[in-house]
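Chain letters run A, B, ... following the sequence lines, proteins first and then strands; every chain starts at 1.
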Protein chains: 2
Amino acid sequence: MSSKAEQIMDEAENLARSHGYNAFSFRDLAAKVGIKSASVHYHFPTKADLGAALAKRYTERFISTLNHCIEPTDTTFEIVQRYGEAYYQALVQDGRMCLCGLFAAEVDSLPEPVAAEVQRFFEANINWLKDILRRDPHVRSEEALEADATFILTLFQGAMLVGRTMNQPEAIHTVMEKLRGTDIYTSRVN
Amino acid sequence: MSSKAEQIMDEAENLARSHGYNAFSFRDLAAKVGIKSASVHYHFPTKADLGAALAKRYTERFISTLNHCIEPTDTTFEIVQRYGEAYYQALVQDGRMCLCGLFAAEVDSLPEPVAAEVQRFFEANINWLKDILRRDPHVRSEEALEADATFILTLFQGAMLVGRTMNQPEAIHTVMEKLRGTDIYTSRVN
DNA sequence: CACAGGCTACCTAGTGGTAGGTTGATTTTG
DNA sequence: CAAAATCAACCTACCACTAGGTAGCCTGTG
């Protein structure tokens, strides 16, 4: 992957994370990069190609970041804390949303390959969370794992959406704190 | 408000709730209603006017629906259950999102009056939830009320987003069930 | 030379929005 | 009461602009 293509993706991600898929254009993007829109097409033949590449790279980086900031000795609580903090950082650095959270809202008007990548993002998140919860001393059934992972994911995605709209990124910390009073960290076999 | 304007708003809401603000056009809308796009402008001078009207009506109807389905004898748990059920119904009836949840994702590229209405939707929801929680035998500080209300709102908004993307509307029921194992219903003074 | 990586110039299809005209019902007035 | 004026609600036809995308040319470098 040439550095120009990465540069294009970087700017595209910035635009997409504040305006969504439908509301950024090849012209805007090209202007940011300092080239012409036709040249963007050289690297990404169609907008769907670019969108799918963005979502895929985002997912990989997101999961990789998560894996790099945990220690084997961390408690489930600490890890989920860091998971939430990842969302907070993403939001607070110039008010940008989670790329795939934003794309998810547009899923009905997304080209199919892009929508598929967004689904994969959520799946990857749920699987990652399930793995974390599986290490927990509290044994859970497969259904409970799924439910707990879904709970955590949806909570932060929602907090991000609401927090950004209300200009209150600290909403993420608010719900993170409330998550403490949950049986996520103390759930029994069920 | 003439019935034609309402008819336009009905169709616009349908389109907006599946495609978002940026991805529905006056022409699509006019075609659905069976008139020309110029005639839509007669009722709503600009798209921003229409968008704001949609969000406002949606908020009023949403809150009104909530108020109409609770009884004075209901427990907090039952009410929150119904609150979640309102989201589930909205999602499951032809897979449409909460209008304002969708608009929230696009907030950066929304005309200011529309964005303001979306904020008002979230505020109205939080205030409604706070009122419900205030009636609860468990006394809470103002901060705790705000936190609990935010928690519930963000949870369902997130569940809606993720649930629709994954074609799993029952995700809303999953998190509703998990909400049970939360101190929302048992929280003490803090 | 070949070719990667850009460019100019263009296309079609669509966008929100405007100007001005037509219709038919309602209201005002001689 | 009938003619005249007004009005809501739509229309056709168009505007300027932007979208994603394409064709073909240029230029520097291995």
Exercise. In chain order, what residues pass the salt bridge (charged side-chain N to carboxylate O under 4.0 Å, His left out) check against A:Arg180, with sequence neighbours excluded?
Worked result: A:Glu177
For this session: Sequence neighbours left out, what pairs pass side chain to side chain donor-acceptor pair (under 3.5 Å) with at least one residue falling in residues 154-170 of chain B?
Result: B:Tyr87-B:Gln157
Exercise. Any salt bridge between B:Glu117 and B:Arg120, counting N to O under 4.0 Å?
Worked result: yes
For this session: Using the test side-chain contact (heavy atoms from CB on, under 4.5 Å), find all partners of B:Pro45 that sit at least two apart in sequence or belong to another chain.
Result: B:Asp49
Give every pair of a protein N or O atom and an N or O atom of nucleotides 13-20 of chain C that lie under 3.5 Å apart, one pair per line with the distance.
| residue | atom | partner | partner atom | Å |
| --- | --- | --- | --- | --- |
| C:dT15 | OP1 | B:Ser25 | OG | 2.9 |
| C:dG16 | OP1 | B:Phe24 | O | 3.3 |
| C:dG16 | OP1 | B:Lys47 | NZ | 3.0 |
| C:dG16 | OP2 | B:Phe26 | N | 2.9 |
| C:dG16 | N7 | B:Arg27 | NH1 | 3.3 |
| C:dG16 | O6 | B:Arg27 | NH2 | 3.2 |
| C:dG17 | OP2 | B:Lys47 | N | 2.7 |

Exercise. Phosphate oxygens OP1/OP2 of C:dG5: is one of them under 4.0 Å from a side-chain N or O of A:Tyr42?
Worked result: yes
For this session: Starting from P on C:dG5, measure out to CD1 on A:Ile35 and report it in whole angstrom.
Result: 12 Å
For this session: For D:dA8, take OP1 and OP2 only and decide whether either is under 4.0 Å from a side-chain N or O of B:His43.
Result: no
Problem set entry | Those residues that, when tested against A:Phe26, pass ring pair (Phe, Tyr, Trp, His ring centres under 6.0 Å) (two or more places apart) | A:His41
Problem set entry | Partner set under side-chain hydrogen bond (donor to acceptor under 3.5 Å, both in side chains) for A:Asn127, not counting sequence neighbours | none
Exercise. Excluding sequence neighbours, so at least two apart, what forms ring pair (Phe, Tyr, Trp, His ring centres under 6.0 Å) with A:Phe77?
Worked result: A:Tyr185
Seminar exercise, completed: Readout for nucleotides 24-30 of chain D: B = base within 4.0 Å of protein heavy atom, S = sugar-phosphate only, - = neither; 5' to 3' it is -------
Exercise. Atom NZ of A:Lys36 and atom P of D:dT18: how far apart are they, to the nearest Å?
Worked result: 14 Å
Exercise. What residues form a ring pair (Phe, Tyr, Trp, His ring centres under 6.0 Å) with A:Phe103, not counting sequence neighbours?
Worked result: A:Tyr21
For this session: For C:dC7, take OP1 and OP2 only and decide whether either is under 4.0 Å from a side-chain N or O of A:Ser39.
Result: yes
